[in-house]
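For reference, the structure is listed below as structure tokens.
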Amino acid sequence: VQLQAFGGGLVQTGGSLRLSCAASGHTFSSSVMGWFRQAPGKEREFVTAINYGGSIYYADSVLGRFTISRDNAKNTVYLQMDSLKSKDTAVYYCAARRGGLTREPNEYAYWGQGTLVTVSS
């Protein structure tokens, strides 16, 4: 199972970015896909997750600003990030698991390499 995240970069406060995560080597359509992030000196934290049926969890800190979606035909999950803030600066990771939605990073078996998002003020 391989996950590859891309789309990070430098953006100004209030701007937008869209991250993508391409999956291969497993049954994508039946997997829960999640996004996590880790800021310098901080623990990895949950951002959002989506199951194969389209049910979604969001962290309170991104609710109303970030949108997760998936395209099962392309084995890809997306994270649309709008109204970005400096506190959103982090390395963003996509992850996958079998089973139900969860916010716990330890419940995800597969991880991508991360993509850096930097929000400048």
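- Using a 4.5 Å cut-off between side-chain heavy atoms of Ile, Leu, Val, Met, Phe, Trp and Tyr, with links allowed through other members, L116 and W111 fall into the same hydrophobic cluster.
- Residue-environment remark: OH (Y52) stays at or below the threshold of 12 foreign heavy atoms within 6.0 Å.
- Between W35 and M81 the shortest side-chain heavy-atom distance does not fall below 4.5 Å.
- A donor-acceptor contact shorter than 3.5 Å links the side chain of Y108 to the backbone of T102.
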Tell me which donor-acceptor pairs under 3.5 Å the side chains of residues 9-22 have, and how far apart each pair is, sequence neighbours excluded?
residue	atom	partner	partner atom	Å
T13	OG1	S120	O	2.9
S16	OG	D82	OD1	2.7

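- Scanning both residues, R97 and A109, for their nearest heavy atoms gives CB-N, 4.3 Å.
- Of the possible donor and acceptor atoms, none in the side chain of T118 sits under 3.5 Å from a partner among the backbone N and O of T89.
- Ring-plane geometry between F46 and Y57 is classed as perpendicular, the angle between the planes exceeding 60 degrees on a 0 to 90 degree scale with a lower cut at 30.
- Residues R44 and F36 come closest through the heavy atom pair CG-CB, 3.9 Å.
- The shortest distance between side-chain heavy atoms of R37 and V62 falls below 4.5 Å.
- No side-chain heavy atom of L79 sits less than 4.5 Å from a side-chain heavy atom of V77.
- Hydrophobic cluster membership is shared by Y92 and I68, with clusters built from Ile, Leu, Val, Met, Phe, Trp and Tyr side chains linked at under 4.5 angstrom.
- In this view, Y93 satisfies the ring-ring contact (aromatic ring centres under 6.0 Å, His included) rule with no residue, not counting sequence neighbours.
- Taking OH of Y78 as the start and CE of M33 as the end, the distance is 11.5 Å to the nearest 0.5 Å.
- With Q113 contributing its side chain and A5 its backbone, the two residues share a donor-acceptor pair below 3.5 Å.
- Hydrophobic cluster membership is shared by Y110 and V47, with clusters built from Ile, Leu, Val, Met, Phe, Trp and Tyr side chains linked at under 4.5 angstrom.
- No side-chain heavy atom of T48 sits less than 4.5 Å from a side-chain heavy atom of I50.
- Each salt bridge (charged side-chain N to carboxylate O under 4.0 Å, His left out) pair with one or both residues in residues 62-74, not counting sequence neighbours, appears once here: R65-D88.
- With rounding to the nearest 0.5 Å, the separation of SG in C94 from CD in Q4 is 9.0 Å.
- A continuous path of Ile, Leu, Val, Met, Phe, Trp and Tyr side chains, each step under 4.5 Å between heavy atoms, connects L63 with V117, placing both in one hydrophobic cluster.
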